[in-house]
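Structure first, then comments.
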Amino acid sequence: MSESPTKSRREFLATTPARIASASALAGIALPPVHAASTDTLSVALIGAGGRGTGAAVNALSVENGPTKLVAMADVVPEKLNASYDKLKTQFGDKVDVPPERRFLGFDAFQRAMDALKPGGVVILGTPPAFRWVHFTYAIDKGLHTFMEKPVTVDGPTTKRMFALADRASAKGLKCAVGLMVRHCRARQELLNRIRDGQIGDIIAMRGYRMGQGGGTAPPKPAGMPEVMYQLSKFHAFLWASGGVFSDYYIHQIDECSWMKGAWPVEAHGLGGRHYRGDSLDQNFDTYSVQFVYPDGTRLYFDGRNMKGARDEFASYAHGSKGSAVISTLSHTPGITRIYKGQNMPRVNNRKELPLPPDPNLIWAFPQPEKSPYQWEWDDLTDAIRNDKPYNEVRRGAEASLVTSMGRMAAHTGQIITYDQILNCPHEFAPNVDKLTPDGPAPVTLGPDGKYPQPEPGIKIDREY
Ligand SMILES: NC(=O)c1ccc[n+]([C@@H]2O[C@H](COP(=O)([O-])OP(=O)(O)OC[C@H]3O[C@@H](n4cnc5c(N)ncnc54)[C@H](O)[C@@H]3O)[C@@H](O)[C@H]2O)c1
């Protein structure tokens, strides 16, 4: 499948092997990485056209550093693909050039959508995380730049695979972004600089919270629905597909605190339990409380809860020897990032309390309004592609995914889990995910008790289920 026949000569030249060959011959050097100039149109393909994949496509089509065009889409559910296409077409008109023959369905649809791009195009990987290494492998083989959503792995074996793929992508000069968008937030970046400058002293403790009204449940499968499609439709419920709510939801807080600390935690221990999950067949707990330990002994205390009627909190904080900092206030955006004298950071319960009243302990606050980090991450990626800057977030994204899995495994097994233990744990949750078919066997099956395998802390201790 070729790209739009209407593409300009410059656009054609920008991506053809002829241009690359003549450029390298002139320079007398090895083939340069494929990159586009500021006026070239970056062609984009979307794999996994659900909520976030569609959102990432919106961000891709909204960058202001040069033209972009969506040229291919892939999903396994026709309704998802159609809804995403309709939304994007309505919003972006001609920037969405995806005729029916470039809208692909099925478990091999990702290949056909990527085949529709020339080397130097950009692919969005917006499926559940289980497919990340499969789709990323193909993107590298095709010479495509990648934007992949977090988490990028859910277990040790796939993390090792992702580390190797990250190196392969870098060797090819490909630009790779991971959807830990807070890293691109200018407010958090300024906070990091201020922490590095010593404005709160040494970080002595951090706290992270992701507590909401529910999530990750799975009512029994509707009659007639293939098992694989059911599990994918409820991917937060199944550890193989997403790492569960722990990986899928909590990675952001764990990543942003570790970023501020300037290190990855080396061990975790924690607890959790199922309280009110009713008939849900999912593999999650509804409460989690995990301590992450950094190399210098500093702790991150992380609490996650998915429970109706309980208090919501979606925030992270750093406590330093001279002061304290709010990394996130009420979800990811706006960050409303601040530094306080002492340890008394005011509680912010909801958006109705914004803007915050004056506080005598406030030392610094990032000016409002803030641009969304979901847009910044695309501005940064496309800038790196157009200006051929080194740009590969995959190793870091895999490390963030791994330490998140470390915390999840600690809570699910009731053991202290170290970085090396989670990295070398042989339990690969979905070893045949690259061969999945809608009607084939699913990575987990119902037991004789009518339940999917559950974590049982203290009983199952070498693996989570
Ligand atoms: N960075 C963020 O803040 C953020 C926010 C939301 C979601 N996400 C991430 O985005 C990813 C998707 O989450 P979502 O909320 O958009 O889910 P979603 O269910 O809305 O979208 C996932 C889409 O992928 C499709 N899909 C599943 N398997 C596929 C396959 N093998 N090939 C092609 N398509 C396939 C599904 O049919 C669905 O349309 C997850 O990794 C999630 O963690 C990130």
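Counting starts at 1 for both ligands and their atoms, in listed order.
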Practice item. Evaluate the side-chain proximity of Trp264 to Phe292: yes if any heavy-atom separation is below 4.5 Å, no if none is. Key: no
Practice item. Can you sort out the partners of Lys389 under salt bridge (charged side-chain N to carboxylate O under 4.0 Å, His left out), two or more places apart, ordered by chain and number? Key: Asp383
Practice item. Taking only Lys NZ, Arg NE, NH1 and NH2, and the carboxylate oxygens of Asp or Glu, determine whether Glu464 and Lys460 approach each other closer than 4.0 Å. Key: no
Practice item. For the pair Glu428 and Arg161, find out whether any cationic side-chain nitrogen is under 4.0 Å from an anionic carboxylate oxygen. Key: yes
Revision key, fill the gap. Heavy-atom contacts under 4.0 Å to ligand 1, chain-then-number order, include exactly Gly48, Ala49, Gly50, Gly51, Arg52, Asp75, Val76, Val77, Lys80, Phe107, Gly126, Thr127, Pro128, Pro129, Phe131, Arg132, His135, Glu149, Lys150, Pro151, Gly179, Met181, Leu232, Phe235, Asp248, His252, Tyr374
Exercise for review: Among residues two or more places apart or on two chains, list those pairs meeting salt bridge (Lys or Arg N to Asp or Glu O under 4.0 Å) that have a residue in residues 215-244.
Suggested key: none
Point to revise | Residue pairs involving residues 249-262 (criterion salt bridge (Lys or Arg N to Asp or Glu O under 4.0 Å); sequence neighbours excluded) | key: Arg183-Asp255, Lys261-Asp296
